[in-house]
> 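Here it is: the structure, laid out below.
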Amino acid sequence: MDSGLLRPEVGVVSHVPTSFVWPKEYLVDANGELQAPVVDLDGFLRGDEEATQCAAKLIREACSNHGFFQVINHGVDSCLIREAHHQMDTFFKLPIHRKLSVHKTPGSMWGYSGAHAHRFSSQLPWKETLSFPYHDNTSEHVVTNYFKSTIGEDFEQAGVIFQKYCDGMKQLGLKLTELLAISLGADRLHFRELFSDGCSIMRCNNYPSCQQPNLTLGTGPHCDPTSITILHQDLVGGLDVFADNQWKTVPPRLDALVVNIGDTFMALSNGRYKSCVHRAVVNKYKERKSLAFFLCPKEDKVLRAPDEVVSMDGTKHYPDFTWSHFLHFTQNHYRADQATLPNFINWFLSSKITN
C-alpha cells in the first residue's frame, strides 16, 4: 500500500483502493441511537454515598447489556481536552514523510500507523493513528519525553499537554474501577490495586473524509482486548455499537467521555459485564478525530474475577491469565475482532497444555 494514501487530503481520492474495501455484511447502516446512560460523576467524586449508588446502578445496567456508557462532570478539565485535540490536529497535519519518521516498527505498539498497513494487507481501516505509552509509577514524564525524543523538539509542548491529559485519564480510570467494583458487589479497591501501576495505552485517531464511505470503515467491528476504554470524540460522529442484533450510533457530546468495557475486564467481571462489538464509520464530507485512553493492568499481574463475584455466580468462567499473555496474543497471533476473547482463551489453554 502507498503509505501516503491516508493523508488528511485523502478525501480527494475518487475511488477507495481494494485493500480498504470491506465485505457488505460489515457495512450495514446503523439504526437509531444506543440507549446508553449518561452518568453524572459529580456526587461520586465528592464522596456522596447516595449518588455513588445511583451511578453504580446505571453502570451495572449498561455493562450487563452492552458495556457502553458516557460520563459527565468527570473531573477532567475541558480546556485540557480541547488543547489535546488541537495538538492531535497539529500532528496529523504534518507532511506524510514527517509522520512516517515515527512509524510503528515490527513488534512495537508505539508510533504512527497509516491504516495498520504494517500488519495487514486487506480490509484496512480508513484511518491513521498515533499511539504512545503512559505510566505514572516513576518520576519520569514518559509522554513528554516520548514526544520530545521521538517526534521532535518542536513537539515538546504537545508532550506536556498529552502528559497532563493522560494523568487525568488515569485518575479517572482508577475512580471508574472503584465504581465498577461497587456495581459488581466486590471490594471497592479490588480493581484499583490491579491497575494502579499498569502501563496504559494512549491513541490519537484521525478518520479522513472518504468519497465512498459505503465501501470502507474507519475501524472494523471488534471488541477492545484491553480493560477499560475512555474515549473523547469530536462532534462529527461515527462510533457505532452492535446491540440487540443491530448497529446503533453513540451520539457525541463535547462535555462527555465515552466509557466501554474491554475483553480483559469482561474476564475480570467473570463475564457479567459485556465487551461489546463496535466500529467507526467514515464521513463523506468531514474528517473525524478521537482520543482513546486504554486503561491496562500491570502486564505480569494475574487476572481473575473477585472471589465474591465468582461465589455469587457459582462458576468461574475464565482461567487466570496475565495481560502480557493477552497482549502477546493480539499483537502476534490474532487481529482483534468480535471473537478475540474466546479465541484467546482457547489459544491460552492449548498453549498451556502443549507446554
Side-chain angles (χ1 to χ4, degrees), residues 1-7 19 84 87-88 91-92 94-138 140-156 158-159 162-163 165-166 169-170 195 197-207 218-220 222-227 229 262-264 290-301 321-337 340 344 347:
M1 190 199 76
D2 175 4
S3 298
L5 271 174
L6 266 173
R7 293 173 292 179
S19 54
Q87 297 295 344
M88 173 172 56
F91 174 81
F92 285 127
L94 288 174
I96 188 64
H97 73 271
R98 181 81 187 274
K99 289 184 283 190
L100 288 175
S101 69
V102 294
H103 72 279
K104 285 185 179 180
T105 56
S108 174
M109 294 177 55
W110 318 124
Y112 172 80
S113 172
H116 299 329
H118 63 294
R119 293 188 63 192
F120 311 113
S121 58
S122 65
Q123 294 180 27
L124 295 179
W126 194 263
K127 70 174 178 179
E128 54 181 349
T129 63
L130 176 67
S131 305
F132 47 92
Y134 171 81
H135 58 81
D136 58 353
N137 52 349
T138 71
E140 178 187 8
H141 287 172
V142 176
V143 178
T144 303
N145 291 343
Y146 177 86
F147 272 76
K148 184 178 177 181
S149 62
T150 305
I151 304 177
E153 296 276 350
D154 53 334
F155 272 81
E156 181 177 5
F162 277 114
Q163 179 75 43
Y165 184 86
C166 290
M169 288 296 114
K170 177 64 177 289
F195 290 94
D197 54 357
C199 179
S200 295
I201 302 164
M202 181 71 213
R203 181 167 298 147
C204 303
N205 300 303
N206 180 44
Y207 303 91
T219 301
H222 68 288
C223 298
D224 292 341
T226 46
S227 297
T229 304
D263 286 339
T264 300
S290 65
L291 296 164
F293 183 86
F294 303 94
L295 185 72
C296 302
K298 193 173 182 181
E299 290 189 15
D300 60 355
K301 282 191 174 177
F321 62 92
T322 66
W323 170 231
S324 61
H325 284 128
F326 202 178
L327 184 61
H328 172 76
F329 178 72
T330 59
Q331 293 300 302
N332 297 285
H333 299 284
Y334 194 83
R335 181 176 183 172
D337 60 14
T340 308
F344 162 71
W347 171 86

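Everything numeric here is computed off the predicted structure, so don't read it as measured data.
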> So which atom in R98 and which in F155 form the shortest heavy-atom distance, rounded to 0.1 Å?
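Between these two residues, the closest heavy atoms are NH2-CD1, 3.9 Å.
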> Using side-chain heavy atoms (C-beta onward) and a distance below 4.5 Å, is P297 in contact with F195?
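With C-beta onward as the side chain, the pair touches.
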> Could you check if a side-chain atom of I201 sits within less than 4.5 angstrom of a side-chain atom of P133, using non-hydrogen atoms only?
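SC-SC contact between I201 and P133 ruled out.
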> Indicate the atoms forming the closest heavy-atom contact of W323 with C296, along with that distance.
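Minimum heavy-atom separation between W323 and C296: NE1-CB, 3.7 Å.
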> Could you tell me the separation between the CG atom of L124 and the OG atom of S19, rounded to the nearest 0.5 Å?
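It comes to 4.5 Å.
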> Can you find a heavy atom in the side chain of M169 that is under 4.5 Å from one in the side chain of L291?
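No - every pair of side-chain heavy atoms lies 4.5 Å or more apart.
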> Rounded to the nearest 0.5 Å, what's the gap from CG on L130 to OG on S113? Could you check?
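If I round to the nearest 0.5 Å, the distance is 10.0 Å.
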> Do Y112 and I151 have side-chain heavy atoms sitting under 4.5 Å apart?
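Side-chain contact under 4.5 Å: no.
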> Are the side chain of T322 and the backbone N or O of D300 linked by a donor-acceptor pair below 3.5 Å?
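No, because the side chain of T322 does not come within donor-acceptor range (under 3.5 Å) of the backbone of D300.
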> List the residues meeting side chain to side chain contact (heavy atoms under 4.5 Å, CB included) with T150, not counting sequence neighbours, and say none if there are none.
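Testing T150 for side chain to side chain contact (heavy atoms under 4.5 Å, CB included), a comparison that skips the adjacent residues, returns V102, Y146.
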> Describe, in one word, how the ring planes of Y165 and F162 are oriented to each other, choosing from parallel (under 30°), tilted (30 to 60°) and perpendicular (over 60°).
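Y165 and F162: perpendicular rings.
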> Does any N or O in the side chain of T264 come within less than 3.5 Å of the main-chain N or O of P225, such that one atom is a donor and the other an acceptor?
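Side chain of T264 to backbone of P225: a pair is present.
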> Find the distance between CZ (F344) and NE2 (H333) and round it off to the nearest 0.5 Å.
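If we round to the nearest 0.5 Å, F344:CZ and H333:NE2 are 10.5 Å apart.
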> Is there a donor-acceptor contact under 3.5 Å from the side chain of H97 to the main chain of P95?
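Checking the backbone N and O of P95 against the side chain of H97, no donor-acceptor pair under 3.5 Å is found.
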> To the nearest 0.5 Å, how far apart are OG1 in T330 and CG in D337?
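Output value for this atom pair is 11.5 Å.
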> In chain order, what residues pass the side chain to side chain contact (heavy atoms under 4.5 Å, CB included) check against H135, with sequence neighbours excluded?
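Partners of H135 by the side chain to side chain contact (heavy atoms under 4.5 Å, CB included) criterion, ordered by chain and then number, come out as N137, T138, V142, C199.
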> Contact between F326 and F321 at the side-chain level, heavy atoms closer than 4.5 Å - yes or no?
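They are in side-chain contact.
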> Any donor-acceptor pair under 3.5 Å linking the side chain of E128 with the backbone of N206?
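The answer is no, because no donor-acceptor pair under 3.5 Å joins these two groups.
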> With no hydrogens and no angle check, do the side chains of N205 and S290 hold a donor and an acceptor under 3.5 Å apart?
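Side-chain D/A pair, N205 to S290: present.
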> Going by heavy atoms in the side chains, are N145 and Q163 under 4.5 Å from each other?
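Answer no - side chains too far apart.
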> Counting distance only, does the side-chain N/O of S131 pair as donor-acceptor with the main-chain N or O of R203 below 3.5 Å?
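It does not hold such a pair.
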> Please report the shortest heavy-atom distance between Q87 and A158, naming the atom on each side.
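For Q87 and A158, the tightest heavy-atom pair comes out as OE1-CB, 3.4 Å.
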> To the closest 0.5 Å, what do you measure between NZ (K298) and OG (S200)?
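Interatomic distance, K298 NZ to S200 OG, rounded to 0.5 Å: 13.0 Å.
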> Please state whether the rings of F132 and F147 are parallel, tilted or perpendicular, taking 30° and 60° as the class boundaries.
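Answer is perpendicular, since the angle exceeds 60°.
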> Could you grab the distance from atom NE2 of H141 to atom CG of D136, nearest 0.5 Å is fine?
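Taking NE2 in H141 and CG in D136, the distance rounds to 10.5 Å.
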> Looking only at heavy atoms, what is the nearest atom pair of H328 and W347, with distance?
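Looking at all heavy atoms of both residues, the shortest contact is CD2-CH2, 3.8 Å.
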> Walk me through whether M202 and V143 qualify under side-chain contact (heavy atoms from CB on, under 4.5 Å).
CA-CA 9 Å; M202 181 71 213; V143 178; over 6 Å; no
> Is there a donor-acceptor contact under 3.5 Å from the side chain of T340 to the main chain of A336?
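Judged by distance alone, no pair lies under 3.5 Å.
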> Could you tell me whether a side-chain N or O of K99 sits under 3.5 Å from a main-chain N or O of F91, the two making a donor and an acceptor?
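Side chain of K99 to backbone of F91, a donor-acceptor pair under 3.5 Å: no, none is there.
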> With a cut-off of 6.0 Å (strictly less than), are more than 12 heavy atoms of other residues, nucleotides or ligands near NZ of K301?
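Above 12, so yes.
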